Amino acid sequence: MSVNRPAAVIVLAAGEGTRMKSKLPKVLHEISGRSMLGHVLAAARALDPEHSVVVVGHARARVGSHLEEVAPEAVTAVQEEQNGTGHAVRMAVEDLASRGIVLTGTVVLTCGDTPLLRGSTLAALVAAHEKEGNAVTVLSARVPEPGGYGRIVREADGEFTEIVEHADATPQQHGIDEINSGMYAFDGALLSEVVRRLSTDNAKGEEYITDAVALLRGDGHRVGAWTADDWHEVQGVNDRVQLSQARCILNDRLVEEHMRAGATIVDPATTWVDAEVRIGRDAVVEPNTRLRGATVIAEDAVVGPGTDLKDTVVGEGAHVRETTADQADIGPRATVGPYAYLRPGTRLAEGAKAGAFVEVKNSTIGAGSKVPHLTYVGDADIGVGSNIGCSSVFVNYDGVEKHRSTIGDHVRMGSDNTIVAPVRVGDGAYSGAGTVVREDVPPGALAVSEGNRQRNVEGWTRRKRRGTAAAEAAERAEAERTDSFEQQ
Ligand code: UD1
Ligand code: CA
């Protein structure tokens, strides 16, 4: 649906959200990889407003810095004290005016705690508002439990006259199941004027934005209530129970969209997909799987069961099972797991394998190369067609600094190898079982460690790692050992 560009979207987010019982401001609580406020702003973005204004108050520094991250286009208006929704809107209007911005055209007003709101619903509200030529159009909904909400009051012929807050309503009005969602389309010029006339003569002693309806109607303007098809969309989140309910609804919606677009989701009830995730056609997501952040699953890939991927790319036809990955790039037809842990900077080229109980960090595993079992690969570059034997360790950390290792193409490392970085293993080289690779291995050579006799170099840490916690601990222990020898 295409509508005129609104002059502004104003998002109310100054309240504390006491019922969340949280250190985190309510609107920053997360659902499907985005804050609730982030979801509202994503819906607002669909309207391409000239200005996005978020009214902040409680924990405003924290909300403000979050906004810089997720919605740099938004500006904030401060509401020092939370004197009601009408007062909050007045703060936004006055803030805009102080920056020389005069609101002409449509202004959309929403709350920061309605994460299920769709951009298309806001667009439909604006279209209805402009078609009717209303001063204000309220987004309403018929809900099974209207308690607590403001009610849409209509005359016998259905004409909308006013909103009455739950606390101010008569017992008869409590029976009305059409509620105010707290979202509106306003004529900007009329809004700027009417917010100066809101009284505090009500149950809460606050300026209610809802009073604008009766005021504008009293001035002879048209007012309307436009009913949302899906009442879930306008559900506000006030506590953690509603937070989890909203999360389930949004997840169901996202999972359904992926299935309709051609992905197989075996068990929607145990599959959690963040809002920005992309899944290709004929990809299969097995049960108990979380796809988070900017994760992308290409066509024909199979992911899960029991997999948690964050900001990870899975290439076409790859298989990833019982795996945890963060910022990993898994190439086409690669295989990962079961029980693999891919940490940031892991790159598996086409057809590569990171098998059972394998951990990889900041490393490249070349095309067709395999790390099949029980191995740690840290800070390594492995060429193409190579094999790393079972139970091997890339020793990348000397206790102070990290170093890289390079394994060439078509290398065959034996089982239980320890590759002590920095070291290079040339193309076509082999190593025997249990080799400790401390020196570069020339191409085509066989590396073996002869004998396994242990030699202790006393006082090494104290001399070579001076000033480290290890050296201090060694010195203490060495001193104690001397004492006990002396006592004997
Ligand atoms: C409001 C509406 C009610 C509607 C309901 C929908 C009024 C008077 N009532 O009631 O008709 O059914 O929303 O959820 O508007 N806020 C501020 N500053 C304030 C007060 C509130 O920024 O001084 C923000 C809150 O952070 C929240 C939103 O406005 O995001 C709504 O405030 P809330 O106190 O939840 O309003 P309700 O009493 O639920
Ligand atoms: Ca509310």
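Computed from a predicted structure; not experimentally measured. Read the numbers this way: they start at 1 and go in the same order the structure lists the ligands and their atoms. Along the sequence shown, residues are numbered consecutively beginning with 1.
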Logged contact type for Lys26 with ligand 1, heavy-atom cut-off 4.0 Å, is neither
Carefully, step by step, assess Arg5 and Glu50 under the rule salt bridge (Lys or Arg N to Asp or Glu O under 4.0 Å). CA-CA 7 Å; Arg5 194 174 184 203; Glu50 277 177 60; 5.1 Å; no
For atom 20 (C) of ligand 1, which candidate among Gly15, Pro146, Gly84 holds the nearest heavy atom? Gly84
Could you tell me, atom by atom, which parts of ligand 1 come under 4.0 Å of a heavy atom of Cys111? 28 (C), 30 (O), 31 (C)
Steps toward side-chain contact (heavy atoms from CB on, under 4.5 Å) verdict (Ser32, His39): CA-CA 9 Å; Ser32 306; His39 283 289; 4.3 Å; yes
Determine whether the side chain, the backbone, both or neither of Ala88 has a heavy atom under 4.0 Å from any heavy atom of ligand 1. side chain
Hey, is Gln79 touching ligand 1 through its side chain, its backbone, both or neither, going by heavy atoms under 4.0 Å? side chain
Could you grab the distance from atom CD1 of Ile31 to atom CG of Asn251, nearest 0.5 Å is fine? 10.5 Å
Is there a donor-acceptor pair under 3.5 Å between the side chain of Glu286 and the backbone N or O of Arg321? no
Can a side-chain donor-acceptor contact be found between Ser52 and Glu73 if the only test is distance below 3.5 angstrom? no
Would you say Leu12 has any N or O atom under 3.5 Å from an N or O of ligand 1, going by distance alone? yes
I want to know if ligand 1 touches Tyr184 in the polar sense, i.e. an N/O pair below 3.5 angstrom. no
At under 4.0 Å between heavy atoms, what of Met91 touches ligand 1? The answer is neither
Candidates Val336, Val277, Val303 - the one meeting side-chain contact (heavy atoms from CB on, under 4.5 Å) with Leu309: Val303
Which segment of Asn180 sits under 4.0 Å of ligand 1 when only heavy atoms are counted: both
Test applied, side-chain contact (heavy atoms from CB on, under 4.5 Å); reference residue, Lys26; option that passes from Asp239, Asn238, Thr18: Asn238
Which ligand 1 atoms, with their elements, are less than 4.0 angstrom from a heavy-atom of Gly150? 3 (C), 4 (C), 11 (O), 12 (O)
When Ile163, Val164, Asn180 are each screened for side-chain contact (heavy atoms from CB on, under 4.5 Å) with Val213, the one that passes is Ile163
Of the listed options (Lys204, Glu165, Glu81), which comes nearest to atom 9 (N) of ligand 1 when hydrogens are ignored and any heavy atom counts? Glu165
Out of all atoms in ligand 1, which are within 4.0 Å of some heavy atom of Ser181? Include the element for each. 6 (C), 14 (O)
For ligand 1, note which part of Asn83 has a heavy atom under 4.0 Å away: side chain, backbone, both or neither. backbone
Supply the atom-to-atom distance Cys111 SG to Leu37 CG, rounded to the nearest 0.5 angstrom. 11.0 Å
For Thr210, the atoms of ligand 1 under 4.0 Å from one of its heavy atoms are 7 (C), 8 (C), 9 (N), 11 (O), 15 (O)
With sequence neighbours excluded, what pairs up with Arg196 under the salt bridge (charged side-chain N to carboxylate O under 4.0 Å, His left out) test? none
Heavy-atom contact under 4.0 Å between Ile209 and ligand 1? yes
